[in-house]
Enquirer: 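Here you go, one structure.
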2 protein chains.
Amino acid sequence: MGDLREPLRDLIECGLPQALEVMGERWSFMILRASFNGVHHFEEFLSELGIARNILSNRLAKLVEHGILKREPCADDRRKIEYRLTEKGFDLLPAMLALRQWGQKYGAEVEENPVLVDERDRMPIGPVSILAHDGRILTHEDLWLTMRHNVGKRPEDPGFVFLDGSTPDAIAARESAKKAAASA
Amino acid sequence: MGDLREPLRDLIECGLPQALEVMGERWSFMILRASFNGVHHFEEFLSELGIARNILSNRLAKLVEHGILKREPCADDRRKIEYRLTEKGFDLLPAMLALRQWGQKYGAEVEENPVLVDERDRMPIGPVSILAHDGRILTHEDLWLTMRHNVGKRPEDPGFVFLDGSTPDAIAARESAKKAAASA
DNA sequence: GGATTAGGTTTTAAGTTGCAACCAAAAACT
DNA sequence: AGTTTTTGGTTGCAACTTAAAACCTAATCC
């Protein structure tokens, strides 16, 4: 089961495949969301999500295995197990919120509830954003795609490509990426 | 006490399930990433991802159906089809980057390539972040979970819960300690 | 005209998911 | 003490999804 993604190996030049190895599975994000909403026990997840017992068992084990949740027997009732987010699990919050906000924007008109609020003023959080080094909010129109060795160079240099893909350059960029990977 | 968190259990409405309907499928995010990297044609996706033809066909159709990609016959070569990101597709960039950055942080020691840079200075982008209304960067420790009708209310009101699952009791205790101090 | 390319579909095997039943340990009830 | 209930599983089996390979059709190249 572990080497299902063989063909991706040569493609792994970013963290996405690693992230998807756990979070790409069905239910993983829903379980994560429940965790963020204060669900901690097996039977709670079960009734909250409507997932099958065996699948839940399997997913929780995988999330624990990957260090996203930690599994601790309850002190007061030793039948109970507590599943809690680790720091690594909490670090998935931006990813989950970004997905959720996107779903909210384009999906049905469900009114999000409960809501995450800023502790400081108890107002809802803003959109999850891509920030520049100096803190400016960037959109896809502000971004270029380039090989690592071009970072910081002047835009007249070759190898910069708009994110929305000026076609010939995009191909060139991909090809040089391939060659770079091949020669490395 | 326990029922402060009770309402959080039942009415969990948010955009996540909608988002996962498309993007929760295997390969969807990898196809999206390829799109962001300038891949536009069927055979390109095929060799780039190592996905099976039938699955790719199916996934592309689904992404088109959901308005994330648009499918256009090529003008110059009428055998070719161009798959391009729509605005809705571009809007998935924060979600994809957040996931990718998380995978990068905890996953492997792969050096990300190609890289997204800020058009302004051609420097790599910063982390995808949760922003407050005033632009401050928030972490999970700065966030509370509450029902929509509590937005903006003072924290002494019931219904605020820490994201890390601290019991409402803890908040109540903390707040009544504050009140006691204030009135004394 | 014949080979090749692009983008599929079909077929069949393998893997995954979901339901329902079963199980064991700890706690609660009587 | 003995039975019942709760909690967190596992097992077995049917239904569905994914994968690999072969096949198909239209357009383009030579």
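So that the names make sense, note that chain A is the first sequence line, chain B the second, and so on, each numbered from 1. These numbers come from the heavy atoms of this one structure, side chains and all, not from hydrogens, waters or symmetry mates.
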Enquirer: With sequence neighbours excluded, tell me which residues meet salt bridge (Lys or Arg N to Asp or Glu O under 4.0 Å) with A/Glu72.
Expert: none
Enquirer: Go through the structure and list residues passing salt bridge (Lys or Arg N to Asp or Glu O under 4.0 Å) with A/Arg79, not counting sequence neighbours.
Expert: A/Asp77
Enquirer: Mind jotting down which residue pairs meet the salt bridge (charged side-chain N to carboxylate O under 4.0 Å, His left out) criterion with at least one end in residues 85-95 of chain A? Sequence neighbours excluded, please.
Expert: A/Asp91-B/Lys105
Enquirer: Choose from C/dC19, D/dT18, D/dG8 the nucleotide whose nearest atom is closest to any side-chain atom of B/Glu25.
Expert: D/dT18
Enquirer: Assign the ring pair A/Tyr83 / A/Phe45 to parallel, tilted or perpendicular, where the plane angle (0 to 90°) is split at 30° and 60°.
Expert: perpendicular
Enquirer: What I'd like to find out is whether the side chain of A/Leu63 reaches to under 4.5 Å of the side chain of A/Met23, using heavy atoms alone.
Expert: yes
Enquirer: Under the rule for salt bridge (Lys or Arg N to Asp or Glu O under 4.0 Å), what residues qualify as partners of A/Glu65, not counting sequence neighbours?
Expert: none
Enquirer: Send over the distance from A/Leu46 CG to D/dT10 C1', rounded to a whole Å.
Expert: 14 Å
Enquirer: Please tell me which of A/Ile51 and B/Phe42 maps to the more 5' nucleotide of DNA chain C, matching each residue to the nucleotide holding its nearest heavy atom.
Expert: B/Phe42
Enquirer: Could you list the donor-acceptor pairs under 3.5 angstrom formed by side chains in residues 130-138 of chain B, with sequence neighbours left out?
Expert:
{"from": "B/Asp134", "atom 1": "OD1", "to": "B/Arg136", "atom 2": "N", "distance (Å)": "3.1"}
{"from": "B/Asp134", "atom 1": "OD1", "to": "B/Arg136", "atom 2": "NH1", "distance (Å)": "3.2"}
{"from": "B/Asp134", "atom 1": "OD2", "to": "B/Arg136", "atom 2": "NH1", "distance (Å)": "2.8"}
{"from": "B/Arg136", "atom 1": "NH1", "to": "A/Asp118", "atom 2": "OD2", "distance (Å)": "3.3"}
{"from": "B/Arg136", "atom 1": "NH2", "to": "A/Asp118", "atom 2": "OD1", "distance (Å)": "3.3"}
{"from": "B/Arg136", "atom 1": "NH2", "to": "A/Asp118", "atom 2": "OD2", "distance (Å)": "3.1"}

Enquirer: Using whole Å, what does the distance between atom P of nucleotide C/dT5 and atom CD of B/Glu82 come to?
Expert: 20 Å
Enquirer: Can you list, by residue number, the residues of residues 55-62 of chain B that have a non-hydrogen atom closer than 4.0 angstrom to DNA chain D?
Expert: B/Ile55, B/Arg59
Enquirer: Pull out every protein N or O sitting under 3.5 Å from an N or O of nucleotides 20-30 of chain C, one pair per line with the distance.
Expert:
{"from": "C/dA27", "atom 1": "OP1", "to": "A/Arg78", "atom 2": "N", "distance (Å)": "3.0"}

Enquirer: Taking atom P of C/dT16 as reference, at what distance in whole Å does atom CD of A/Glu21 sit?
Expert: 13 Å
Enquirer: Quick check on D/dG9: is either OP1 or OP2 less than 4.0 Å from any side-chain nitrogen or oxygen of A/Tyr83?
Expert: yes
Enquirer: Figure out the CD1/C1' separation between B/Ile31 and C/dG7, and round it to whole Å.
Expert: 14 Å
Enquirer: In this structure, how many angstroms lie between the P atom of D/dT7 and the CD1 atom of A/Ile81, rounded?
Expert: 13 Å
Enquirer: Between C/dT5 atom P and B/Glu44 atom CD, what is the distance in whole Å?
Expert: 15 Å
Enquirer: To the nearest angstrom, how far is B/Glu43 atom CD from D/dA26 atom P?
Expert: 17 Å
Enquirer: Nearest whole angstrom, please: distance from the P of C/dA6 to the NE2 of B/His40.
Expert: 15 Å
Enquirer: Would you please name every residue forming a side-chain hydrogen bond (donor to acceptor under 3.5 Å, both in side chains) with A/Arg122, sequence neighbours left out?
Expert: none
Enquirer: Using only side-chain N and O atoms of B/His41, determine if any of them is under 4.0 Å from OP1 or OP2 of C/dA6.
Expert: no
Enquirer: Kindly write out the residues that satisfy salt bridge (Lys or Arg N to Asp or Glu O under 4.0 Å) with A/Glu82, not counting sequence neighbours, or none if the list is empty.
Expert: A/Arg84
Enquirer: For D/dA19, take OP1 and OP2 only and decide whether either is under 4.0 Å from a side-chain N or O of B/Trp27.
Expert: yes
